[in-house]
*Asks:* 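Before I ask anything, here is the structure I am working with.
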Amino acid sequence: MKIGDRVRVKESVIVYHHPENKKQAFDIKGMEGELTAIITEWEGRPVSANFPYLVQFSKKFRAHLREDELESI
């Protein structure tokens, strides 16, 4: 996967920051979005992020995910 690819969440992932369901459990399985960043460094230093893939689902909602939770479409 590379930045700009359309991706879909293929596994059940529970988030609590979805704008329409604030502070409530919300499953984003099946949602589609655009891969906007792959976090490999911070301020010029390499990092090993637990959730390195940043996906923009809508104007107000984005989430950090692992590679095994996503599939290209």
Side-chain angles (χ1 to χ4, degrees):
M1 286 185 281
K2 60 186 184 302
I3 295 174
D5 284 355
R6 295 283 303 164
V7 294
R8 178 183 304 126
V9 180
K10 67 179 182 178
E11 294 185 6
S12 180
V13 178
I14 305 296
V15 297
Y16 291 87
H17 66 282
H18 189 270
E20 296 171 9
N21 301 291
K22 288 235 179 196
K23 298 181 183 177
Q24 296 177 12
F26 184 75
D27 191 0
I28 60 172
K29 182 178 181 178
M31 288 187 71
E32 298 178 3
E34 181 181 341
L35 185 61
T36 56
I38 301 172
I39 312 301
T40 57
E41 63 178 47
W42 178 256
E43 296 180 354
R45 294 177 290 166
V47 296
S48 59
N50 293 332
F51 302 98
Y53 293 88
L54 180 61
V55 180
Q56 185 82 37
F57 293 101
S58 68
K59 187 174 182 178
K60 293 184 176 184
F61 179 58
R62 63 185 179 172
H64 289 270
L65 301 165
R66 295 187 313 253
E67 184 177 11
D68 62 335
E69 297 171 332
L70 299 171
E71 65 183 351
S72 293
I73 52 173

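All values reported here derive from a predicted model rather than from experimental measurement.
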*Asks:* Which heavy-atom pair separates Ser72 from Met1 by the least distance, and what is that distance?
*Replies:* OG-CG, 3.3 Å

*Asks:* If you count heavy atoms of other groups shown closer than 6.0 angstrom to CD of Glu67, is the number above 12?
*Replies:* no

*Asks:* Drop me the distance from Ile28's CD1 to Asn21's CG, to the nearest 0.5 angstrom.
*Replies:* 12.0 Å

*Asks:* Which heavy-atom pair separates Leu35 from Val55 by the least distance, and what is that distance?
*Replies:* CD1-CG2, 4.1 Å

*Asks:* For the backbone of Ile14 and the side chain of Asp27, can you confirm whether one donor and one acceptor N or O come within less than 3.5 Å of each other?
*Replies:* no

*Asks:* In the structure I gave you, are the side-chain heavy atoms of Ile73 and Glu32 within less than 4.5 Å of one another anywhere?
*Replies:* yes

*Asks:* Would a single hydrophobic cluster contain both Leu54 and Phe57, if residues Ile, Leu, Val, Met, Phe, Trp and Tyr are joined by side-chain heavy-atom contacts under 4.5 Å?
*Replies:* no

*Asks:* Determine, using ring centers only, whether Phe61 and His17 are less than 6.0 Å apart.
*Replies:* yes

*Asks:* Less than 4.5 Å apart, any side-chain heavy atom of Tyr53 and any of Val7?
*Replies:* no

*Asks:* Under the side-chain contact (heavy atoms from CB on, under 4.5 Å) rule, what do Thr40 and Val47 come out as? Steps first, then yes or no, please.
*Replies:* CA-CA 6 Å; Thr40 57; Val47 296; 5.9 Å; no

*Asks:* Supply the atom-to-atom distance Lys10 NZ to Glu69 CD, rounded to the nearest 0.5 angstrom.
*Replies:* 9.5 Å

*Asks:* Tell me whether Arg66 is salt-bridged to Asp68, with the criterion being a basic N under 4.0 Å from an acidic carboxylate O.
*Replies:* yes

*Asks:* Output all residues satisfying side chain to side chain donor-acceptor pair (under 3.5 Å) with Glu11, sequence neighbours left out; order by chain, then residue number.
*Replies:* none

*Asks:* Just how far is it from atom CZ of Phe26 to atom CD of Glu20, taken to the nearest 0.5 Å?
*Replies:* 7.0 Å

*Asks:* What pair of heavy atoms forms the shortest contact from Ile3 to Thr36, and how long is it?
*Replies:* CG2-O, 3.6 Å

*Asks:* Roughly how far, to the nearest 0.5 Å, is the CD atom of Gln24 from the OH atom of Tyr16?
*Replies:* 10.5 Å

*Asks:* Do Leu70 and Phe51 share a hydrophobic cluster, counting only Ile, Leu, Val, Met, Phe, Trp and Tyr and linking them when any side-chain heavy atoms are less than 4.5 Å apart?
*Replies:* no

